[in-house]
**Student:** 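A single structure is presented below for examination.
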Amino acid sequence: MRAVLVGLGAVGARSARQLLSSKSVSDLVVLARKPALVEARVAALGASGVVRLEQLRPSSFAQVLAGAGVLLLAAPGPSGDLAEAAVRASVPVVSASDDPAEVRALLALEVEARRRGVSVVAGAGMAPGLSCLLAAWAVAKLDEVTEVHVATLGTGGPACARRRHAALREPVDEWRDGAWARKVASSGRELVWFPGHSGADCYRVNRPDPLLLTGAFPSLHSVSTRAAASRRDRFTSRLPMLRPPHPEGTVGAVRVEVRGRRAGEAEVVILGAGGRAALLAGTVLATAAVRAATGRLRAGAGGLASLVSAPGELLAELSERGVSILTFEGGETTPAW
Amino acid sequence: MPSESRRSGRRGNLTLLSRALLAVGMTALVAVIVRLRGSGGTPPHRGGWRQLSVTDLEPMDQP
(Lines give C-alpha, C1' and ligand atoms only; values in the text may rest on other atoms or scores of the structure.)
Protein backbone atom coordinates (compact mmCIF):
# COMPACT_ATOMS: atom_id res chain seq x y z
CA MET A 1 0.00 0.00 0.00
CA ARG A 2 1.23 3.49 -0.86
CA ALA A 3 0.87 6.21 1.77
CA VAL A 4 1.07 9.92 0.99
CA LEU A 5 2.35 12.08 3.84
CA VAL A 6 2.06 15.87 3.73
CA GLY A 7 4.61 17.49 6.04
CA LEU A 8 7.79 16.07 7.55
CA GLY A 9 8.14 18.09 10.72
CA ALA A 10 8.53 16.68 14.23
CA VAL A 11 5.24 14.74 14.07
CA GLY A 12 5.43 13.89 10.35
CA ALA A 13 8.93 12.40 10.65
CA ARG A 14 7.94 10.16 13.55
CA SER A 15 4.81 9.15 11.73
CA ALA A 16 6.92 8.24 8.66
CA ARG A 17 9.13 6.00 10.81
CA GLN A 18 6.07 4.23 12.21
CA LEU A 19 4.61 3.79 8.72
CA LEU A 20 7.86 2.32 7.40
CA SER A 21 7.93 -0.16 10.28
CA SER A 22 4.42 -1.29 9.37
CA LYS A 23 4.06 -4.30 7.09
CA SER A 24 1.11 -2.64 5.34
CA VAL A 25 3.10 0.25 3.82
CA SER A 26 5.35 -0.58 0.87
CA ASP A 27 5.78 2.89 -0.60
CA LEU A 28 5.77 6.33 1.06
CA VAL A 29 5.47 9.63 -0.81
CA VAL A 30 6.41 12.68 1.26
CA LEU A 31 5.03 15.99 0.04
CA ALA A 32 6.58 19.21 1.33
CA ARG A 33 6.03 22.85 0.44
CA LYS A 34 9.82 23.35 0.50
CA PRO A 35 11.43 19.94 -0.19
CA ALA A 36 14.97 21.29 0.23
CA LEU A 37 14.28 21.86 3.93
CA VAL A 38 13.36 18.23 4.61
CA GLU A 39 15.88 16.39 2.41
CA ALA A 40 18.04 15.59 5.44
CA ARG A 41 15.03 14.20 7.33
CA VAL A 42 14.09 11.99 4.37
CA ALA A 43 17.67 10.69 4.19
CA ALA A 44 17.58 10.02 7.95
CA LEU A 45 14.59 7.73 7.44
CA GLY A 46 17.09 5.40 5.78
CA ALA A 47 14.61 3.77 3.44
CA SER A 48 15.91 4.69 0.01
CA GLY A 49 13.77 3.27 -2.76
CA VAL A 50 10.73 3.19 -0.48
CA VAL A 51 10.45 6.91 0.33
CA ARG A 52 9.99 9.53 -2.40
CA LEU A 53 10.14 13.27 -1.71
CA GLU A 54 8.13 15.63 -3.90
CA GLN A 55 7.06 19.24 -3.79
CA LEU A 56 3.47 19.84 -2.75
CA ARG A 57 1.75 21.38 -5.78
CA PRO A 58 -2.04 21.65 -6.10
CA SER A 59 -1.72 21.04 -9.86
CA SER A 60 -0.05 17.63 -9.48
CA PHE A 61 -1.70 16.55 -6.22
CA ALA A 62 -4.36 14.44 -7.95
CA GLN A 63 -1.64 12.47 -9.81
CA VAL A 64 0.20 11.75 -6.56
CA LEU A 65 -3.04 10.53 -4.98
CA ALA A 66 -3.83 8.11 -7.81
CA GLY A 67 -3.54 4.60 -6.40
CA ALA A 68 -2.67 5.79 -2.89
CA GLY A 69 -4.05 3.91 0.10
CA VAL A 70 -4.17 6.81 2.54
CA LEU A 71 -3.36 10.52 2.87
CA LEU A 72 -1.75 11.72 6.10
CA LEU A 73 -1.86 15.45 6.88
CA ALA A 74 0.91 16.55 9.26
CA ALA A 75 1.69 20.03 7.98
CA PRO A 76 0.53 23.32 9.49
CA GLY A 77 -1.84 25.57 7.59
CA PRO A 78 -5.10 24.97 5.79
CA SER A 79 -5.41 21.49 4.31
CA GLY A 80 -9.15 21.28 3.69
CA ASP A 81 -8.65 21.39 -0.09
CA LEU A 82 -6.15 18.50 0.03
CA ALA A 83 -8.53 16.43 2.14
CA GLU A 84 -11.44 17.18 -0.17
CA ALA A 85 -9.39 16.13 -3.22
CA ALA A 86 -8.45 12.88 -1.47
CA VAL A 87 -12.03 12.05 -0.52
CA ARG A 88 -13.15 12.72 -4.10
CA ALA A 89 -10.47 10.24 -5.18
CA SER A 90 -11.83 7.75 -2.57
CA VAL A 91 -8.60 7.94 -0.56
CA PRO A 92 -8.98 7.92 3.26
CA VAL A 93 -7.62 10.99 5.09
CA VAL A 94 -5.99 11.14 8.52
CA SER A 95 -5.06 14.53 9.96
CA ALA A 96 -2.97 15.42 13.01
CA SER A 97 -4.30 18.98 13.18
CA ASP A 98 -5.42 20.35 16.54
CA ASP A 99 -6.81 23.55 15.03
CA PRO A 100 -10.62 23.74 15.54
CA ALA A 101 -11.09 25.51 12.18
CA GLU A 102 -9.20 22.72 10.38
CA VAL A 103 -11.17 20.05 12.21
CA ARG A 104 -14.47 21.71 11.27
CA ALA A 105 -13.35 21.77 7.62
CA LEU A 106 -12.64 18.03 7.77
CA LEU A 107 -15.93 17.26 9.53
CA ALA A 108 -17.72 19.07 6.69
CA LEU A 109 -16.61 16.20 4.40
CA GLU A 110 -18.88 13.75 6.28
CA VAL A 111 -21.51 13.32 3.54
CA GLU A 112 -18.99 12.84 0.73
CA ALA A 113 -16.85 10.49 2.85
CA ARG A 114 -19.84 8.29 3.66
CA ARG A 115 -20.92 8.29 0.02
CA ARG A 116 -17.44 7.16 -1.04
CA GLY A 117 -17.11 4.74 1.87
CA VAL A 118 -13.86 6.23 3.18
CA SER A 119 -12.76 7.54 6.59
CA VAL A 120 -11.75 11.13 7.28
CA VAL A 121 -10.07 11.15 10.69
CA ALA A 122 -10.02 14.66 12.12
CA GLY A 123 -7.53 14.95 14.95
CA ALA A 124 -5.22 11.94 15.09
CA GLY A 125 -2.44 13.27 17.28
CA MET A 126 -1.89 13.47 21.02
CA ALA A 127 -4.92 15.67 21.71
CA PRO A 128 -7.19 15.30 19.93
CA GLY A 129 -6.38 11.75 18.92
CA LEU A 130 -4.97 9.75 21.81
CA SER A 131 -7.27 11.76 24.10
CA CYS A 132 -10.32 10.61 22.08
CA LEU A 133 -9.20 6.97 22.19
CA LEU A 134 -8.64 7.07 25.95
CA ALA A 135 -12.06 8.70 26.43
CA ALA A 136 -13.75 6.09 24.22
CA TRP A 137 -12.11 3.26 26.16
CA ALA A 138 -13.15 4.73 29.51
CA VAL A 139 -16.70 5.37 28.27
CA ALA A 140 -17.00 1.65 27.46
CA LYS A 141 -16.22 0.88 31.13
CA LEU A 142 -19.20 2.90 32.41
CA ASP A 143 -22.96 2.36 32.18
CA GLU A 144 -23.60 6.05 31.83
CA VAL A 145 -21.10 8.80 31.10
CA THR A 146 -21.63 12.46 31.93
CA GLU A 147 -18.33 14.32 31.75
CA VAL A 148 -15.00 14.13 29.93
CA HIS A 149 -12.12 16.44 30.80
CA VAL A 150 -8.93 16.44 28.75
CA ALA A 151 -5.64 18.02 29.83
CA THR A 152 -2.31 18.07 28.00
CA LEU A 153 1.28 18.97 28.72
CA GLY A 154 3.92 19.84 26.11
CA THR A 155 3.89 20.30 22.35
CA GLY A 156 4.78 18.08 19.41
CA GLY A 157 6.83 20.46 17.28
CA PRO A 158 7.08 24.12 16.25
CA ALA A 159 3.67 24.10 14.51
CA CYS A 160 2.06 22.59 17.62
CA ALA A 161 3.78 25.18 19.82
CA ARG A 162 2.49 28.02 17.63
CA ARG A 163 -0.99 26.53 17.69
CA ARG A 164 -0.88 26.23 21.50
CA HIS A 165 0.28 29.86 21.72
CA ALA A 166 -2.80 30.91 19.74
CA ALA A 167 -5.09 28.51 21.63
CA LEU A 168 -4.17 30.23 24.90
CA ARG A 169 -5.65 33.54 23.69
CA GLU A 170 -8.58 32.47 21.50
CA PRO A 171 -12.10 32.23 22.95
CA VAL A 172 -12.88 28.68 24.06
CA ASP A 173 -16.08 26.84 23.18
CA GLU A 174 -16.75 24.42 26.03
CA TRP A 175 -19.58 21.89 26.28
CA ARG A 176 -21.27 22.60 29.61
CA ASP A 177 -24.60 21.24 30.87
CA GLY A 178 -25.52 20.05 27.40
CA ALA A 179 -24.90 23.34 25.57
CA TRP A 180 -21.99 25.26 24.14
CA ALA A 181 -20.64 27.96 26.43
CA ARG A 182 -18.04 30.49 25.38
CA LYS A 183 -15.27 30.82 27.94
CA VAL A 184 -12.35 33.19 28.26
CA ALA A 185 -9.09 31.66 27.06
CA SER A 186 -6.47 30.83 29.69
CA SER A 187 -9.12 30.79 32.43
CA GLY A 188 -10.29 27.96 34.72
CA ARG A 189 -7.00 27.13 36.39
CA GLU A 190 -6.69 23.51 37.58
CA LEU A 191 -3.80 21.63 39.08
CA VAL A 192 -3.47 18.43 37.02
CA TRP A 193 -1.32 15.40 37.83
CA PHE A 194 0.16 13.97 34.62
CA PRO A 195 1.84 10.57 34.30
CA GLY A 196 5.57 10.91 34.78
CA HIS A 197 5.35 14.52 35.95
CA SER A 198 4.53 16.47 39.06
CA GLY A 199 1.42 18.64 39.06
CA ALA A 200 1.03 21.34 36.44
CA ASP A 201 -1.40 24.24 36.35
CA CYS A 202 -3.69 23.86 33.35
CA TYR A 203 -5.99 26.40 31.71
CA ARG A 204 -8.75 26.36 29.11
CA VAL A 205 -7.50 26.36 25.52
CA ASN A 206 -9.22 26.48 22.15
CA ARG A 207 -8.82 22.89 20.98
CA PRO A 208 -11.29 20.67 19.10
CA ASP A 209 -11.57 17.85 21.68
CA PRO A 210 -15.04 18.96 22.91
CA LEU A 211 -16.30 19.17 19.32
CA LEU A 212 -15.08 15.65 18.50
CA LEU A 213 -16.12 14.05 21.80
CA THR A 214 -19.65 15.47 21.78
CA GLY A 215 -19.96 14.17 18.22
CA ALA A 216 -18.98 10.69 19.42
CA PHE A 217 -20.95 10.73 22.69
CA PRO A 218 -23.99 13.03 22.34
CA SER A 219 -25.24 12.22 25.86
CA LEU A 220 -22.29 13.97 27.52
CA HIS A 221 -23.17 16.86 29.85
CA SER A 222 -19.75 18.50 30.01
CA VAL A 223 -16.53 18.32 28.02
CA SER A 224 -13.56 20.58 28.66
CA THR A 225 -10.01 20.78 27.40
CA ARG A 226 -7.06 22.36 29.16
CA ALA A 227 -3.34 22.71 28.57
CA ALA A 228 -0.49 23.19 31.01
CA ALA A 229 0.81 26.74 30.85
CA SER A 230 2.92 29.06 32.96
CA ARG A 231 1.97 32.60 33.92
CA ARG A 232 4.43 33.83 31.30
CA ASP A 233 2.77 31.65 28.62
CA ARG A 234 -0.61 33.15 29.44
CA PHE A 235 0.63 36.70 29.72
CA THR A 236 2.60 36.57 26.45
CA SER A 237 -0.03 34.65 24.45
CA ARG A 238 -1.38 38.02 23.27
CA LEU A 239 2.05 38.90 21.85
CA PRO A 240 4.04 37.31 19.03
CA MET A 241 6.12 34.34 20.26
CA LEU A 242 9.11 35.82 22.04
CA ARG A 243 11.47 32.98 21.13
CA PRO A 244 11.30 30.26 18.47
CA PRO A 245 9.84 26.93 19.64
CA HIS A 246 12.04 23.88 19.98
CA PRO A 247 12.32 22.14 16.56
CA GLU A 248 11.71 18.69 18.05
CA GLY A 249 9.03 19.72 20.54
CA THR A 250 8.96 18.83 24.20
CA VAL A 251 8.23 15.92 26.49
CA GLY A 252 4.49 15.80 26.94
CA ALA A 253 1.56 13.97 28.44
CA VAL A 254 -2.17 13.65 28.09
CA ARG A 255 -4.67 12.98 30.86
CA VAL A 256 -8.33 12.14 30.34
CA GLU A 257 -10.83 12.12 33.19
CA VAL A 258 -14.19 10.48 32.49
CA ARG A 259 -17.03 10.75 34.98
CA GLY A 260 -20.20 8.73 34.99
CA ARG A 261 -22.04 5.89 36.72
CA ARG A 262 -21.50 2.16 36.94
CA ALA A 263 -23.87 -0.21 38.70
CA GLY A 264 -25.77 2.80 40.03
CA GLU A 265 -22.73 4.42 41.68
CA ALA A 266 -20.69 7.45 40.65
CA GLU A 267 -17.41 6.41 39.04
CA VAL A 268 -14.38 8.31 37.77
CA VAL A 269 -11.92 6.78 35.30
CA ILE A 270 -8.61 8.59 34.83
CA LEU A 271 -6.32 7.55 31.98
CA GLY A 272 -3.10 9.03 30.70
CA ALA A 273 -0.02 8.62 28.56
CA GLY A 274 3.35 10.30 28.64
CA GLY A 275 6.44 10.63 26.48
CA ARG A 276 7.80 12.88 23.76
CA ALA A 277 4.68 14.62 22.44
CA ALA A 278 5.75 14.33 18.77
CA LEU A 279 6.32 10.60 19.20
CA LEU A 280 2.89 10.08 20.78
CA ALA A 281 1.22 12.11 18.01
CA GLY A 282 3.22 10.49 15.20
CA THR A 283 2.48 6.98 16.44
CA VAL A 284 -1.26 7.69 16.72
CA LEU A 285 -1.27 9.29 13.25
CA ALA A 286 0.50 6.36 11.58
CA THR A 287 -1.50 3.67 13.38
CA ALA A 288 -4.80 5.36 12.54
CA ALA A 289 -3.65 5.79 8.91
CA VAL A 290 -2.89 2.08 8.50
CA ARG A 291 -6.31 1.24 9.96
CA ALA A 292 -8.04 3.73 7.67
CA ALA A 293 -6.21 2.35 4.64
CA THR A 294 -7.14 -1.23 5.48
CA GLY A 295 -10.81 -0.40 6.05
CA ARG A 296 -10.73 -0.97 9.81
CA LEU A 297 -12.31 2.42 10.61
CA ARG A 298 -15.92 3.45 10.05
CA ALA A 299 -16.69 5.45 6.92
CA GLY A 300 -17.42 9.14 7.48
CA ALA A 301 -15.72 12.14 9.05
CA GLY A 302 -15.03 12.38 12.76
CA GLY A 303 -12.56 11.92 15.56
CA LEU A 304 -11.05 8.59 16.53
CA ALA A 305 -13.72 8.14 19.22
CA SER A 306 -16.39 8.18 16.47
CA LEU A 307 -14.63 6.12 13.84
CA VAL A 308 -12.93 3.39 15.89
CA SER A 309 -15.27 0.56 16.89
CA ALA A 310 -12.72 -1.14 19.18
CA PRO A 311 -10.67 1.55 21.00
CA GLY A 312 -9.03 -1.03 23.26
CA GLU A 313 -7.62 -2.90 20.29
CA LEU A 314 -6.09 0.29 18.89
CA LEU A 315 -4.75 1.30 22.33
CA ALA A 316 -3.20 -2.16 22.64
CA GLU A 317 -1.50 -1.70 19.28
CA LEU A 318 -0.20 1.71 20.40
CA SER A 319 1.04 0.07 23.60
CA GLU A 320 2.94 -2.50 21.55
CA ARG A 321 4.47 0.37 19.58
CA GLY A 322 5.83 1.90 22.78
CA VAL A 323 3.04 4.23 23.93
CA SER A 324 2.45 3.47 27.62
CA ILE A 325 -1.21 3.74 28.59
CA LEU A 326 -1.70 4.35 32.31
CA THR A 327 -4.58 4.64 34.75
CA PHE A 328 -4.64 6.64 37.97
CA GLU A 329 -5.77 4.48 40.84
CA GLY A 330 -6.40 4.76 44.52
CA GLY A 331 -6.56 8.53 44.84
CA GLU A 332 -9.32 11.01 45.54
CA THR A 333 -10.32 13.22 42.63
CA THR A 334 -10.87 16.92 42.64
CA PRO A 335 -14.44 17.76 41.60
CA ALA A 336 -13.47 21.33 40.72
CA TRP A 337 -13.89 21.06 36.94
CA MET B 1 -6.01 87.86 41.97
CA PRO B 2 -8.50 86.29 39.49
CA SER B 3 -5.59 84.73 37.53
CA GLU B 4 -4.19 83.29 40.82
CA SER B 5 -7.52 81.58 41.70
CA ARG B 6 -7.82 80.24 38.11
CA ARG B 7 -4.32 78.77 38.38
CA SER B 8 -5.06 77.05 41.70
CA GLY B 9 -8.34 75.69 40.28
CA ARG B 10 -6.47 74.18 37.31
CA ARG B 11 -3.91 72.66 39.66
CA GLY B 12 -6.77 71.11 41.67
CA ASN B 13 -8.22 69.55 38.49
CA LEU B 14 -4.84 68.11 37.52
CA THR B 15 -4.41 66.62 41.00
CA LEU B 16 -7.87 65.04 40.77
CA LEU B 17 -7.08 63.63 37.30
CA SER B 18 -3.72 62.20 38.36
CA ARG B 19 -5.29 60.61 41.47
CA ALA B 20 -8.06 59.10 39.34
CA LEU B 21 -5.49 57.71 36.87
CA LEU B 22 -3.43 56.31 39.76
CA ALA B 23 -6.55 54.64 41.21
CA VAL B 24 -7.45 53.09 37.83
CA GLY B 25 -3.86 51.91 37.37
CA MET B 26 -3.71 50.36 40.83
CA THR B 27 -7.05 48.59 40.26
CA ALA B 28 -5.82 47.18 36.94
CA LEU B 29 -2.58 46.01 38.57
CA VAL B 30 -4.44 44.23 41.36
CA ALA B 31 -6.81 42.65 38.82
CA VAL B 32 -3.87 41.36 36.74
CA ILE B 33 -2.14 39.92 39.83
CA VAL B 34 -5.33 38.22 41.02
CA ARG B 35 -6.00 36.80 37.53
CA LEU B 36 -2.47 35.57 37.06
CA ARG B 37 -2.22 33.93 40.47
CA GLY B 38 -5.53 32.31 41.38
CA SER B 39 -5.92 28.92 42.97
CA GLY B 40 -5.53 25.65 41.05
CA GLY B 41 -6.65 23.09 43.61
CA THR B 42 -4.75 20.57 45.69
CA PRO B 43 -2.59 17.67 44.57
CA PRO B 44 -3.79 14.10 45.22
CA HIS B 45 -2.53 12.80 48.59
CA ARG B 46 -2.68 9.11 47.68
CA GLY B 47 -2.90 6.86 44.64
CA GLY B 48 -0.69 6.66 41.61
CA TRP B 49 -0.38 5.79 37.97
CA ARG B 50 -0.42 2.13 36.90
CA GLN B 51 0.52 1.00 33.41
CA LEU B 52 -2.20 -0.93 31.60
CA SER B 53 -1.08 -4.08 29.84
CA VAL B 54 -2.30 -5.17 26.42
CA THR B 55 -4.62 -7.68 28.10
CA ASP B 56 -6.02 -4.92 30.34
CA LEU B 57 -6.86 -2.85 27.29
CA GLU B 58 -8.35 -5.35 24.87
CA PRO B 59 -11.12 -7.04 26.91
CA MET B 60 -13.02 -3.73 27.07
CA ASP B 61 -13.96 -4.15 23.43
CA GLN B 62 -15.75 -7.43 24.07
CA PRO B 63 -19.54 -6.98 24.09
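Protein chains get the first letters and strands the later ones, always in sequence-line order, with residue 1 at the start of each. The structure displayed is predicted, hence computed values, not measured ones.
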**Student:** Given side chain to side chain contact (heavy atoms under 4.5 Å, CB included), test B:L52 with A:L271 step by step and report yes or no.
**Tutor:** CA-CA 9 Å; B:L52 294 171; A:L271 297 169; 3.8 Å; yes
**Student:** Using a 3.5 Å distance criterion without hydrogens, assess whether the side chain of B:W49 forms a donor-acceptor pair with backbone atoms of A:G196.
**Tutor:** no
**Student:** If I measure from the heavy atoms of chain B, does A:L318 come under 4.5 Å with its side chain, its backbone, both, or neither?
**Tutor:** neither
**Student:** Checking heavy atoms, do the side chain of A:S324, its backbone, both or neither come under 4.5 Å from chain B?
**Tutor:** both
**Student:** Once you round to the nearest 0.5 Å, how far does CD of B:E58 lie from CG of A:L314?
**Tutor:**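 So the CD of B:E58 and the CG of A:L314 are separated by 10.5 Å.
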